Amino acid sequence: MAKQEDLFKNVVSHAKEYGFIFPSSEIYDGLSAVYDYAQNGVELKKNIREYWWKAMVQMHENIVGLDAAILMHPTTWKASGHVDAFNDPLIDNKDSKKRYRADVLIEDYAEKLNLKAKKEIEKARERFGASFDEEQYKTTNPRVMEYLSKEREILERMGRSLGSGDLEDVKNLIEELEIADPETGSRNWTDVKQFNLMFGTKLGASAENAMDLYLRPETAQGIFVNFLNVQKTGRMKVPFGIAQTGKAFRNEIVARQFIFRMREFEQMEMQFFVKPGEEMKWYEYWKETRLNWHLSLGLGRQNYRFHDHEKLAHYANAAADIEFNFPFGFKELEGIHSRTDFDLKAHEQYSGKKLQYFDTETNSNYVPYVVETSVGLDRMFLAVFATSLQEETLEDGSTRTVLRLPSVLAPTKAAVLPLVKKDGLPEVAQKIIEDLKWDFNVAYDEKDAVGRRYRRQDALGTPFCITVDHQTLEDDTVTIRHRDSMAQDRVKISDLRQIINDEVSVRNWLMKM
Ligand code: ATP
């Protein structure tokens, strides 16, 4: 555990030190759970967004893009259910004045019971060896049975109480279980309250005429309200999709874990409109397609798993998360939801406008069903960045920090380094840059010994270092060093563009899907 925490601290400090992510308004001591993307971070983030956009929009004839405004008519959020149901139950500790999500406190307690059961099971596995039957042990060992049934009982009771809005019982549960403030140990709790996660704001100059608005908590609703506009003007035929990337805002009660849970974040969402009755086929299709997109980046199959939802949101008839193995364990990276016709029907009802598709084959109208794929861009960033950050021991016993980013996503594709700052080498290096920069983000660096410059580029995730030396002046060749293998080849300057392109082109990476 300590090791995982260290790893995570390392990720946060590397992101800052190498110009990927800064705390927001840091000179004023930052703003909780809000971050700024720095010079390298903005490139990595843009490349992830583009990789998604190309896979979803460019590669699908029947998916088009949209960029809806962050501010929307407030009735949107009545129709979507966010005004009434986008709540988390919060509880304050009266002594420490710390605020928690009541459901998370209870879930953490239940998780501890689960861990205790797991520990017993592991002990037994060691004792019994090859003949150990885990299922049998779980259903016969009294201690394990007690832990697991207590866990189930607690979670079921919480689910029931939250479902029926019985917040008093949620508090009773916290008190009965003697759950204490994780930071101070105090059990002096307030009542549990529902807390709406939407940020409110006002439109209009004068106080009397101002209209209450919300910053959108998801990008999806911008797609739903434009469904018919896009369908008609794009002459789209069901099944078709609308994709959008953009900022979303949630006033999260507890926002820790760096960019995993932010108050201002970016989503990449696609709503796929299908004929009613065909939604399960498309739900399975998108589950598989989205997982394959993630796998194409090469971070390792073992780092992904599906988590099918048992408890469904009010709008869904099936839902699954793609979870990723973050430095703090498996957590949601992307959601795939079969949203039925809930959203379009609700907007029809609240707006009084028809949001239906006319099927020319059957000469009839219907409200399409929707399958949604929704991934957090910042969570993708964290997944890619944390997994790529590695400490390596080299053959000579020294260590190097290398950010093994998928090269298609790397902020800078190549650094051009003159071996020395004289003899005309910087001029040749600049000429190479002048040519390569039409196609790639490239950097120039002439400071320090070349070995140190290589290490800096390794830590920035740059796939190639191109070194200009005295031989270059004679035969127009340079050395090209590969970040991951550290192998160096002598190549012609005129071949550089092709070599880099083969390694970083979206085409070659997406082909792996
Ligand atoms: P969680 O259960 O982690 O709060 P969620 O189920 O509320 O997430 P969705 O509403 O399904 O999330 O949003 C889709 C995606 O948006 C998530 O899979 C996640 O990647 C991203 N996301 C949601 N909330 C945040 C946040 N506060 N910060 C960063 N990304 C977020």
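All residue numbers refer to positions in the sequence shown, counting from 1. Start at 1 and go down the list; that is how both ligands and their atoms are numbered. The shown structure was predicted, so the numbers you read here are calculated from the model rather than taken from an experiment. Scope of the values below: all heavy atoms of this structure, side chains included, with no hydrogens, waters or symmetry mates.
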- prompt: Heavy-atom contact under 4.0 Å between His337 and ligand 1?
  reply: yes
message: Against ligand 1, does Asp378 come closer than 4.0 Å with any heavy atom?
response: no
task: Tell me, please, whether Phe306 has Lys287 positioned over its six-membered ring: NZ or CZ under 6.0 Å from the ring centre and within 45 degrees of its axis?
output: yes
Cation-pi, Tyr37 ring and Lys45 (6.0 angstrom, 45 degrees): yes
Among all protein heavy atoms in this structure, tell me which lies nearest to [atom], with the distance rounded to 0.1 Å.
{"atom": "atom 28 (N) of ligand 1", "value": "Met262 N, 2.9 Å"}
{"atom": "atom 10 (O) of ligand 1", "value": "Arg250 NH2, 2.9 Å"}
{"atom": "atom 21 (C) of ligand 1", "value": "Gly376 CA, 3.7 Å"}
{"atom": "atom 8 (O) of ligand 1", "value": "Glu332 OE1, 3.7 Å"}
{"atom": "atom 29 (C) of ligand 1", "value": "Phe260 O, 3.2 Å"}
{"atom": "atom 13 (O) of ligand 1", "value": "Gln267 NE2, 3.4 Å"}

salt_bridge([X], [Y]) N-O dist < 4.0 Å:
{"X": "Glu348", "Y": "Lys345", "value": "no"}
{"X": "Asp191", "Y": "Lys171", "value": "yes"}
{"X": "Asp378", "Y": "Arg261", "value": "no"}
{"X": "Arg160", "Y": "Asp169", "value": "no"}
{"X": "Arg305", "Y": "Glu323", "value": "yes"}
{"X": "Lys413", "Y": "Glu503", "value": "no"}

- prompt: Run the ring pair (Phe, Tyr, Trp, His ring centres under 6.0 Å) check on Phe8 and Phe328 step by step: do they pass?
  reply: CA-CA 8 Å; Phe8 190 39; Phe328 34 82; 5.1 Å; yes
Flag [X] as yes when one of its N or O atoms lies below 3.5 Å from any N or O atom of ligand 1, and as no otherwise.
{"X": "Val375", "answer": "no"}
{"X": "Phe265", "answer": "no"}
{"X": "Glu269", "answer": "no"}

[X] neighbourhood, listing ligand 1 atoms whose heavy-atom distance to it stays under 4.0 Å:
{"X": "Glu252", "result": "24 (N), 26 (C), 27 (N)"}
{"X": "Arg261", "result": "1 (P), 3 (O), 4 (O), 26 (C), 27 (N), 28 (N)"}
{"X": "Glu334", "result": "18 (O)"}

query: Can you tell if the side chain of Leu177 reaches within under 4.5 Å of the side chain of Lys150, non-hydrogen atoms only?
result: yes
message: Show every side-chain hydrogen bond (donor to acceptor under 3.5 Å, both in side chains) that has at least one partner inside residues 227-246, sequence neighbours left out.
response: Asn226-Asn229
task: Can you figure out which of Ser374, Pro217, Ala248, Ala383 has its heavy atom closest to atom 15 (C) of ligand 1?
output: Ser374
With heavy atoms only and a cut-off of under 4.0 Å, state how [X] meets ligand 1: side chain, backbone, both or neither.
{"X": "Leu333", "value": "backbone"}
{"X": "Arg379", "value": "side chain"}
{"X": "Arg263", "value": "neither"}

